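Convention: sequence-line order gives letters A, B, ...; per-chain numbering from 1. These numbers were taken from a predicted model, which means no experiment stands behind them.
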Amino acid sequence: MKLTKDCAVIIAGELVASQGGSQSVEILASSVEVTGFVENPDTYPVSPKRHTVEYLREHAHLRIRTNLISSVARVRNTTSIAIHEYLQQNGFQWIHTPLITASDCEGAGELFKVTTLDLNNIPKNDKGIVDHKQDFFGREAYLTVSGQLNLETYCMGLSKVYTFGPTFRAENSNTTRHLAEFWMVEPEIAFATLMDDAALAQGMLKHVFKTVLNKNSDDMNFFAQFIDKSVVTRLESMVNDDFEMLSYTDAIKRLEASGKSFENPLYWGVDLASEHERFLCEELIGKPTIVTDYPKDIKAFYMRLNDDNKTVAAMDILAPGVGEIIGGSAREDRHDILVSRMKDAGIDHEMLSWYVDLRRYGSAPHAGFGLGLERAVSYITGVQNVRDIIPFPRTPKNAAY
RNA sequence: GCCUCAGUAGCUCAGUCGGUUAGAGCGACGGACUGUUAAUCCGCAGGUCGUAGGUUCGAUUCCUACCUGAGGCGCCA
């Protein structure tokens with residue numbers, strides 16, 4: 001009998017202490033049954049050699065058989081459970097917000113349309129426009145880009161809530177940190193300020209890092225050996241140190257004072273480019289950095305306007321190596337200001353009347369954030385492309401498997 | 001969406017300033033060895049050089065288009 005890598009076998013025998021070097025036990029086999037041989041070891045994609053992640057990605061149904069991808073899968077599992085753990089221990093309720101949504105104006109990127117209309121024979125109304133009255137929902141529908149707006153309604157009833165599930169963006173993004181389908185956790189807290197929000201985000205990340213270090217030390221040592229030497233020490237220092245926090249205004253000042261010249265323009269009012277964010281958190285600060293209080297014109301309509309009338313109570317958490325992993329804010333809880341900001345943003349507030357209602361019937365200050373699961377696991381493991389963090393990545397022009 | 005790079009053996013790459021038999025490492029295969037764990041030693045096989053056109057006496061090498069992959073930017077998580 002000739003066994004090659006990844007043949008499937010059922011082995012019966014006695015489990016005994018091993019005389020071998022780095023293993024504690026082994027099986028003295030009394031029978032070996034092969035349930036599946038590997039047809040052609042020469043062309044079998046996952047041969048016993050080092051493979052690039054790009055190559056493995058093209059064989060996504062087999063790559064879980066490598067120690068890299070299986071380590072990633074285990075850390076992804078631990079990360080997901082640790083997020084639930086932390087939020088549950090802190091009194092949050094997990095809310096299953098809808099994946100199909102009717103509002104196309106949530107301000108977080110392009111949406112995938114959901115329709116059952118016959119695309120080869122699209123019904124039009126008398127104005128020549130697609131007649132969505134004949135569509136499944138009787139109106140236009142989309143895959144969600146964020147559960148936040150729905151979540152806010154439950155926040156006004158249950159106080160501490162979160163949603164955690166898949167999210168969809170139809171952006172034509174071709175980078176190592178974007179997916180068309182990804183998982184996001186979004187907590188929302190009532191009677192909370194931006195500082196409460198930041199504290200929750202930091203507490204949650206620290207709990208996740210600590211849990212992964214405890215539960216997946218073998219996996220983390222593997223990443224340290226083959227991916228990035230610093231992953232373990234980086235997480236350890238993360239658990240012990242507090243994140244750096246500074247305002248957008250101070251971030252601009254720090255960047256200007258550094259004397260570094262950037263490709264992209266840098267002045268108060270412009271959004272920070274990737275190079276600015278990276279230089280700030282990787283070079284100037286050297287650890288996760290919370291940037292707060294951005295100019296209102298570069299942020300979403302639902303973020304709470306500060307007293308200076310120029311900035312909003314928003315925060316981004318930047319991680320060295322991956323950039324933004326969390327985006328959050330205090331929400332605009334004042335009816336008139338919200339409506340006026342929606343008008344400025346060109347959003348029809350009739351479409352979101354239910355959202356505006358929350359500010360008419362017992363409005364309360366509240367805040368929340370979104371954490372991209374794949375970006376978090378990318379940061380933890382040092383595996384740089386989120387396409388290797390999710391089992392079957394969906395990106396522009398790629399939905400195989 | 002924009003910019004750049006790449007596509008040669010199962011994989012990772014080298015190479016051909018256009019010209020008879022295209023190289024290496026790893027893997028596979030055959031054998032030896034073995035308390036090995038992303039081992040060691042010996043041997044051996046394996047390639048219409050991404051696809052389609054074009055230039056040329058002749059193209060894997062030059063040109064064009066397309067396809068695929070990667071990286072950077074923008075968008076964000």
Side-chain angles (χ1 to χ4, degrees), chain A residues 2 4-6 16-26 38-59 62-63 65-68 71 106-111 144-148 163-186 201 218 222 225-227 262-264 270-278 294 298-300 314-319 322-329 368-379 384-390 393 395-398 400:
Chain A
K2 165 81 177 168
T4 62
K5 181 174 183 291
D6 291 347
V16 298
S18 175
Q19 300 166 34
S22 52
Q23 65 188 12
S24 53
V25 294
E26 64 189 37
V38 167
E39 279 185 8
N40 184 351
D42 191 32
T43 54
Y44 174 56
V46 194
S47 56
K49 71 178 286 292
R50 294 181 81 139
H51 295 286
T52 60
V53 287
E54 292 81 12
Y55 173 74
L56 292 174
R57 217 175 281 153
E58 293 181 359
H59 302 275
L62 299 172
R63 65 176 178 165
R65 303 171 183 211
T66 65
N67 38 19
L68 174 67
S71 282
E106 295 173 19
E110 296 294 313
L111 297 93
T144 184
V145 294
S146 162
Q148 181 197 319
T163 178
F164 190 4
T167 307
F168 308 88
R169 305 266 167 101
E171 298 284 351
N172 191 6
S173 296
N174 296 287
T175 77
T176 56
R177 40 190 199 286
H178 289 86
L179 294 164
E181 175 182 305
F182 65 99
W183 283 61
M184 183 160 68
V185 56
E186 299 176 274
D218 285 352
F222 176 83
Q225 191 181 349
F226 291 105
I227 301 292
F262 297 103
E263 306 235 329
N264 295 284
V270 74
D271 204 2
L272 296 178
S274 284
E275 59 169 337
H276 303 136
E277 294 180 345
R278 293 192 63 147
Y294 284 81
I298 58 173
K299 287 293 181 183
M315 64 156 183
D316 282 356
I317 299 186
L318 312 174
V322 282
E324 184 180 343
I325 58 171
I326 282 184
S329 68
F369 64 83
L371 167 69
L373 179 66
E374 288 77 16
R375 288 187 184 177
V377 176
S378 169
Y379 178 68
Q384 293 196 338
N385 197 322
V386 291
R387 293 166 201 171
D388 303 317
I389 303 295
I390 194 166
T395 52
K397 301 275 183 289
N398 187 359

Nearest 0.5 angstrom please: [X] [atom1] to [Y] [atom2], how far?
| X | Y | atom1 | atom2 | result |
| --- | --- | --- | --- | --- |
| A:Thr167 | A:Met184 | OG1 | CE | 4.0 Å |
| A:Arg387 | A:Glu374 | CZ | CD | 12.5 Å |
| A:Ile325 | A:Leu318 | CD1 | CG | 9.0 Å |

Any base atoms under 4.0 Å from [X], or only sugar-phosphate, or nothing? Heavy atoms, all strands.
| X | value |
| --- | --- |
| A:Leu373 | nothing |
| A:Tyr55 | sugar-phosphate |
| A:Lys2 | sugar-phosphate |
| A:Phe226 | base |
| A:Tyr379 | nothing |

Problem - A:Gln384 atom CD: more than 12 heavy-atom contacts under 6.0 Å - result: no

Which of these nucleotides, [options], is closest to any side-chain atom of [X]?
| X | options | answer |
| --- | --- | --- |
| A:Arg50 | B:rA38, B:rA77, B:rC75 | B:rA38 |
| A:Thr4 | B:rA28, B:rC26, B:rC29 | B:rC29 |
| A:Thr52 | B:rU12, B:rG10, B:rA77 | B:rU12 |
| A:Pro48 | B:rC76, B:rA28, B:rG25 | B:rA28 |

Mind checking the [atom1] distance from [N] to [M]? Whole angstroms is fine.
| N | M | atom1 | value |
| --- | --- | --- | --- |
| B:rG54 | B:rG15 | C1' | 25 Å |
| B:rC63 | B:rG10 | C1' | 32 Å |
| B:rU4 | B:rG23 | P | 35 Å |
| B:rU21 | B:rG25 | P | 23 Å |
| B:rC75 | B:rC17 | P | 46 Å |
| B:rU60 | B:rA22 | C1' | 9 Å |
| B:rG19 | B:rG58 | P | 15 Å |
| B:rG50 | B:rC13 | P | 14 Å |

Spacing of [X] atom [atom1] relative to [N] atom [atom2], expressed in whole Å:
| X | N | atom1 | atom2 | value |
| --- | --- | --- | --- | --- |
| A:Asp6 | B:rA28 | CG | P | 11 Å |
| A:Asp42 | B:rC26 | CG | P | 15 Å |
| A:Lys5 | B:rU37 | NZ | P | 17 Å |
| A:His59 | B:rG10 | NE2 | P | 12 Å |
| A:Asp316 | B:rC76 | CG | C1' | 9 Å |
| A:Lys49 | B:rA28 | NZ | P | 11 Å |
| A:Arg65 | B:rA38 | CZ | P | 18 Å |
| A:Phe168 | B:rA77 | CZ | C1' | 14 Å |

Just the atom pairs and distances: protein N or O near nucleotides 68-74 of chain B's N or O, under 3.5 Å.
residue: B:rA70; atom: OP1; partner: A:Arg57; partner atom: NH1; Å: 2.6
residue: B:rA70; atom: OP1; partner: A:Arg387; partner atom: NH1; Å: 3.2
residue: B:rA70; atom: OP2; partner: A:Arg387; partner atom: NH1; Å: 3.3
residue: B:rG71; atom: OP1; partner: A:Asn385; partner atom: ND2; Å: 3.0
residue: B:rG71; atom: OP2; partner: A:Asn385; partner atom: ND2; Å: 3.4
residue: B:rC73; atom: N4; partner: A:Asn174; partner atom: O; Å: 3.2
residue: B:rG74; atom: OP1; partner: A:Ser274; partner atom: N; Å: 3.2
residue: B:rG74; atom: OP2; partner: A:Ser274; partner atom: OG; Å: 2.9
residue: B:rG74; atom: N2; partner: A:Asn172; partner atom: O; Å: 3.3

Has [X] got a side-chain atom pairing as donor or acceptor with [Y]'s backbone, closer than 3.5 angstrom?
| X | Y | answer |
| --- | --- | --- |
| A:Ser173 | A:Thr175 | no |
| A:Glu110 | A:Glu171 | no |
| A:Arg177 | A:Arg375 | no |

Exercise for the section: Kindly assign one of parallel, tilted or perpendicular to the pair A:His59 and A:Tyr55, based on the angle between their ring planes and the thresholds 30° and 60°. Expected result: tilted

Handout entry: 5'-most by nearest nucleotide on RNA chain B - A:Ile325 or A:Asn40
Key = A:Asn40

Handout entry: Toward the 5' end of RNA chain B, by each residue's nearest nucleotide, A:Lys299 or A:His51
Key = A:His51

Return the pairing partner of [N] with a 3.5 Å limit on both distances, Watson-Crick or G-U wobble; otherwise return none.
| N | value |
| --- | --- |
| B:rG58 | none |
| B:rG71 | B:rC3 |
| B:rC26 | B:rG10 |
| B:rC66 | B:rG50 |

Practice task
For side chain to side chain contact (heavy atoms under 4.5 Å, CB included), just list the numbers for A:Phe226 and A:Leu68, CA-CA rounded to whole Å, side-chain angles, deciding distance to a tenth of an Å, and then say yes or no.
Solution key: CA-CA 9 Å; A:Phe226 291 105; A:Leu68 174 67; over 6 Å; no

Fill in the blank from the handout: Residues A:Arg57 and A:Arg63: closest non-hydrogen pair is CG-NH1, 3.8 Å

Problem - B:rA77 pyrimidine/purine six-ring stacking with A:Phe182, under 5.5 Å and 30° - result: yes

